Amino acid sequence: MPKFTFISPEKKEFNVEAPIGETLMEIAVKNNVDGIDADCGGACACATCHIIFNHADLSKVGYADEDESALLDFLNGRKMGSRLSCQVIMKEDLDGLTVEIPYPD
Ligand code: FES
């Protein structure tokens with residue numbers, strides 16, 4: 001089973017099993033990862049599932065589409081590696097990656 005690591009806003013590490021095909025939001029919620037509220041349930045409408053990748057990992061992860069990017073623009077804490085975890089689907093390429101969860105805006 002692929003693994004994925006979330007670092008919570010308080011810098012707590014959550015190393016979890018990450019089934020291919022599930023969104024990173026679903027994986028985080030299922031594992032009670034701190035800092036992912038996912039208020040809209042994955043509808044790309046709340047931005048409470050914000051995560052930040054290292055810039056180097058973005059080529060594997062991919063970039064936000066227009067709708068996701070528009071929502072990310074509302075966040076003061078948007079960074080180059082920002083994504084909404086409900087819009088990132090786990091795939092083989094992401095096995096072993098680590099992502100940070102920022103404090104909410
Ligand atoms: Fe609401 Fe991702 S869960 S935007």
Side-chain angles (χ1 to χ4, degrees):
M1 175 74 78
K3 299 272 194 203
F4 198 87
T5 302
F6 296 90
I7 309 289
S8 77
E10 294 80 22
K11 305 297 178 208
K12 186 172 165 194
E13 196 170 303
F14 293 80
N15 187 251
V16 301
E17 293 195 338
I20 302 294
E22 292 187 9
T23 69
L24 295 183
M25 179 277 278
E26 291 168 330
I27 292 165
V29 168
K30 199 165 61 179
N31 288 281
N32 299 312
V33 172
D34 296 336
I36 299 288
D37 292 340
D39 289 343
C40 77
C44 196
C46 71
T48 62
C49 65
H50 183 200
I51 54 177
I52 302 173
F53 287 95
N54 288 330
H55 186 225
D57 291 335
L58 271 181
S59 57
K60 292 182 190 170
V61 177
Y63 295 89
D65 67 15
E66 202 173 317
D67 288 344
E68 182 184 345
S69 190
L71 190 54
L72 285 166
D73 278 343
F74 283 105
L75 300 173
N76 293 324
R78 182 176 188 175
K79 300 272 194 285
M80 171 84 82
S82 285
R83 292 293 313 267
L84 296 176
S85 58
C86 67
Q87 303 300 305
V88 180
I89 296 172
M90 186 64 195
K91 56 185 180 177
E92 298 281 356
D93 282 2
L94 307 188
D95 186 14
L97 288 194
T98 296
V99 78
E100 288 194 22
I101 302 167
Y103 283 107
D105 267 18

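Read the numbers this way: they start at 1 and go in the same order the structure lists the ligands and their atoms. Keep in mind that the numbers below use all heavy atoms, side chains included, and drop hydrogens, waters and symmetry copies. Here the structure is a predicted model, which means the values were calculated and not measured.
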* Asked: Is the NZ atom of Lys12 crowded by more than 12 outside heavy atoms at less than 6.0 Å?
  -> no
* Passing option when His50 is tested against Leu72, Asp37, Ile101 for side chain to side chain contact (heavy atoms under 4.5 Å, CB included) -> Leu72
* Asked: Do other residues, nucleotides or ligands put more than 12 heavy atoms under 6.0 Å from Phe74 CZ?
  -> no
* Would you find more than 12 non-hydrogen atoms of other residues, nucleotides or ligands less than 6.0 Å from Ile89 atom CD1? -> no
* Taking only residues two or more places apart in sequence, or in another chain, which ones meet Asp73 in a side chain to side chain contact (heavy atoms under 4.5 Å, CB included)? -> Arg78
* Asp95 and Lys3, any side-chain heavy atoms less than 4.5 Å apart -> yes
* Atoms of the protein (N/O/S only) found under 2.8 Å from atom 2 (Fe) of ligand 1 -> Cys49 SG, Cys86 SG
